[in-house]
Every structure is written in C-alpha cells, then in structure tokens.
Amino acid sequence: MPELPEVEIIKNNLSDYLVNKTFHSIKVFTSKLRYKIPHNLAESVKNQRVTHISRVAKYIIVSLDNNYALLIHLGMTGNFLINTKKKNQKDSKHVRIRFVMSDESKIDYVDIRKFGFFKLVTPQKNEIRKLLAELGPDALSDEFNTNYLQNTLKNRTVNIKSALLNQKIVGGIGNIYASEALFRAKISPITESKKIAKDKIKISDLVSSIKFILNDAIQVGGSTIKDHKNMKGESGYFQYKFNVYNRENMECNDQNCDSKIKRIVQTGRSSFYCEKCQKTGSR
DNA sequence: AGCGTCTCCTGCTTGC
DNA sequence: TGCAAGCAGGAGACGC
C-alpha cells in the first residue's frame with residue numbers, strides 16, 4: 001500500500017501526535033512481522049521522549065531522547081491508527097503493536113500482511129546510515145535530479161518501469177506512482193532505461209513528472225486503494241485522480257486520445273499505460 | 001553488477 | 001452460496 005506520499009502523510013500525523021510525548025509501554029501482539037521484532041524493543045523505548053520523526057523514501061525514523069531510534073517500514077499494509085476504542089469495544093483486527101504514551105493515549109500499528117518491520121537502531125551501530133548508503137536518493141530530494149537519473153540509467157537495460165521501482169535507483173516510488181509518472185511524462189513503461197537516458201529532455205520530463213505526481217498525491221491525502229488511511233482513519237483521494245493505474249480497458253484521459261488503457265505485467269507487477277500517448281521511441 | 005524469479009502473509013475479488 | 005484460484009501497493013534472497 002504505502003508509497004512515498006502515504007508514508008509522508010503517516011509521518012506527519014505521527015509527528016503531530018507523538019513528538020514530545022513519552023512512551024509509557026509497548027504491547028507486542030505478534031512474534032514477527034517481516035523480521036523478528038527486537039526483544040528489547042519495549043524496554044529500550046520505555047520512558048523515552050520522542051524528539052523527532054522523519055521520513056526517508058518509504059522509511060519512517062522515530063528519534064528518541066536516549067539517541068536510539070525506531071526505523072519503521074510499513075510494507076504493503078502497515079499503518080498507524082489512533083486507538084479510540086472504549087473499554088467494552090473489541091480491538092480492531094490485525095493490531096500488531098500498541099504504543100501507550102505517558103498521557104495514556106494509544107497508537108496502534110496495524111498490518112494485515114505483516115510485511116512491515118520495526119528495527120531498533122542504537123547510536124553505536126548506525127544502521128540508518130548504512131541503509132541510506134544503499135538507498136537511492138529520495139524522489140522528492142534535490143539529489144534526485146536530471147543529471148543523477150541520466151547517469152544512473154545510462155547503462156541499464158531494464159525497462160524504465162522496473163527501474164523506477166528499484167529503491168537503489170530512487171527511493172519512495174511504488175507501483176501506483178511509477179505508472180502515473182510515466183503517463184504524465186508520456187514514456188512507455190517498456191522502454192529500455194538506457195534509451196531514455198540518451199534524451200536529456202525526456203529524463204528531465206520524467207524527473208519533474210515524478211515530483212509533480214508525488215506532491216500532488218500528498219496534497220490530497222494519498223491514495224486509498226484498500227486500506228490506506230491517515231491516523232484518524234480518514235481516506236485519501238488521489239485514487240480519483242488516477243490516469244492509468246487500475247484503469248485497464250478504460251478510455252485514456254488525454255483529450256486528444258481515443259485509445260484504451262492497457263495492463264501488462266513487468267517483473268511480476270501490473271503496469272498500466274496508454275500505448276498511443278506513451279512512446280518508446282525518441283520524440 | 002545487473003537482472004529476473006521467487007517468497008514472506010492475509011484478505012478480497014473473481015469465476016466456476 | 002460455497003469454494004478455490006488469483007491477485008495485491010514492498011523488498012530481499014538467490015541464481016544466472
């Protein structure tokens with residue numbers, strides 16, 4: 001579910017809610033998510049104040065008073081929800097971890113498919129730095145620009161759609177926004193990456209399309225396909241602005257185009273595009 | 001190094 | 001209606 005815009009929204013919600021609050025306790029309801037949950041998670045954050053929350057690509061970093069940090073990835077179905085249940089109400093399903101703050105407010109980490117993860121990062125072994133070194137620049141950062149992308153793609157034979165999903169090339173783009181950005185840039189998803197890299201204007205179009213789509217999605221609260229919601233449980237509505245994603249056989253939204261949106265599978269994932277509007281050749 | 005395939009887990013949708 | 005198969009937004013391990 002969550003790509004960069006959804007993670008950004010969740011991060012902002014978490015910041016509003018958690019910064020300067022202190023953890024009272026943590027209840028863990030599952031032995032493992034994607035990875036085993038650190039056994040010392042609860043004791044390491046207990047009585048620690050949240051100093052800062054940030055986002056890099058699809059990762060959320062919760063920094064604590066004692067210089068520890070929680071590195072969080074939401075996988076496909078992870079989310080944080082404010083727990084507002086009354087005493088006799090049942091817990092919502094799939095709550096994997098519950099954070100109880102010292103003011104008695106509760107935040108639930110909910111993750112149906114358990115592909116998310118929590119890592120405890122100690123000040124000594126800085127896993128965050130290690131992770132960032134392996135990750136490409138965040139799609140909304142200044143480091144992700146025309147020169148960088150052109151250089152990175154110039155020897156790549158993989159199709160451009162799969163390249164955009166590769167977090168080592170660029171951080172934060174997932175399956176939805178890859179298709180939407182390629183539509184906006186009028187580039188076919190099956191184009192070989194290095195072919196696009198030869199055309200600086202195309203690369204520049206692609207970079208600005210990616211940034212535009214991601215920012216646009218953040219503005220409207222992200223995309224709610226199945227279950228992305230903000231912490232209060234409100235849905236986003238970028239899904240109503242999709243031009244191609246999930247629109248197989250529907251009419252292309254381009255005013256001058258009478259073609260229908262096509263769905264193909266690339267490296268095991270759906271890609272949606274308009275064959276007429278999105279070209280593989282040079283302009 | 002770069003690329004393609006497979007896998008983790010659960011729920012929803014689709015088709016018989 | 002019931003059931004099984006197929007699909008899903010992510011990323012890492014593995015083999016070539």
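The figures that follow rest on heavy atoms only: side chains count, while hydrogens, waters and symmetry mates do not. In what follows, every chain begins at residue 1, and chains take the letters A, B, ... in the order their sequences are listed.
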Review point. Is any side-chain heavy atom of I97(A) closer than 4.5 Å to a side-chain heavy atom of D108(A)?
Key: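 No, side chains not in contact.
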**Study point:** Reported CD-to-CD distance for the pair E3(A) and E180(A), which is rounded to 0.5 angstrom
**Key:**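 That separation rounds to 10.0 Å.
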Point to revise | Straight-line distance of Q278(A) CD to T280(A) OG1, nearest 0.5 Å | key: 11.0 Å
**Study point:** side chain to side chain donor-acceptor pair (under 3.5 Å) between K279(A) and S188(A), worked out
**Key:** CA-CA 5 Å; K279(A) 308 289 190 199; S188(A) 166; over 6 Å; no
[X] side-chain N/O to [N] phosphate OP1/OP2 under 4.0 Å:
| X | N | value |
| --- | --- | --- |
| T157(A) | dG2(B) | no |
| H94(A) | dG11(B) | yes |
| K114(A) | dC8(B) | no |
| H73(A) | dG10(C) | no |
| T77(A) | dG11(B) | no |

Figure out the [atom1]/[atom2] separation between [X] and [N], and round it to whole Å.
| X | N | atom1 | atom2 | value |
| --- | --- | --- | --- | --- |
| L74(A) | dG9(C) | CG | C1' | 11 Å |
| E248(A) | dT13(B) | CD | C1' | 15 Å |
| I169(A) | dG12(C) | CD1 | P | 14 Å |
| F238(A) | dG9(C) | CZ | P | 16 Å |
| Y59(A) | dG10(C) | OH | P | 12 Å |
| L214(A) | dG9(C) | CG | C1' | 14 Å |
| K36(A) | dC8(B) | NZ | P | 18 Å |
| L165(A) | dG10(C) | CG | P | 7 Å |

Point to revise | Span that lies between the C1' atom of dA11(C) and that of dC12(B), in whole angstrom | key: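 Their C1' atoms lie roughly 23 Å apart.
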**Study point:** Pairwise P distance, dC7(C) and dT5(B) [rounded to whole Å]
**Key:**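 One P to the other, the span is 15 Å.
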Which of these nucleotides, [options], is closest to any side-chain atom of [X]?
| X | options | answer |
| --- | --- | --- |
| Y35(A) | dG12(C), dG4(B), dT10(B) | dG12(C) |
| R269(A) | dA8(C), dA11(C), dC9(B) | dA11(C) |
| M76(A) | dC3(B), dG4(B), dG10(C) | dG10(C) |
| R156(A) | dG12(C), dG2(B), dG4(B) | dG2(B) |
| R263(A) | dT10(B), dC7(C), dG10(C) | dC7(C) |
| R113(A) | dC3(B), dA8(C), dG12(C) | dA8(C) |

Review point. Does dG9(C) pair with anything, Watson-Crick or G-U wobble, both distances under 3.5 Å, and if so, with which nucleotide?
Key: none
Point to revise | Pair partner, dG15(B) [Watson-Crick or wobble, under 3.5 Å] | key: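 dG15(B) is paired, partner dC3(C).
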Practice item. Could you walk me through whether R98(A) and Y109(A) pass side chain to side chain contact (heavy atoms under 4.5 Å, CB included), step by step? Key: CA-CA 6 Å; R98(A) 173 164 298 150; Y109(A) 175 71; over 6 Å; no
Check your understanding: After noting the C-alpha distance and the side-chain angles of N12(A) and S15(A), does the key distance pass the side chain to side chain donor-acceptor pair (under 3.5 Å) rule?
Key -> CA-CA 5 Å; N12(A) 288 338; S15(A) 294; 5.1 Å; no
Under 4.0 Å, counting only non-hydrogen atoms across every strand here, what does [X] touch: a base, just sugar-phosphate, or nothing?
| X | value |
| --- | --- |
| Y245(A) | sugar-phosphate |
| S162(A) | nothing |
| R34(A) | base |

Review point. Of V95(A), N79(A), T77(A), T30(A), which meets side-chain contact (heavy atoms from CB on, under 4.5 Å) against D111(A)?
Key: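 The residue from V95(A), N79(A), T77(A), T30(A) that satisfies side-chain contact (heavy atoms from CB on, under 4.5 Å) with D111(A) turns out to be T77(A).
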Point to revise | F115(A) ring over dG10(C) six-membered base ring, under 5.5 Å and 30° | key: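 One would call F115(A) stacked on the dG10(C) base.
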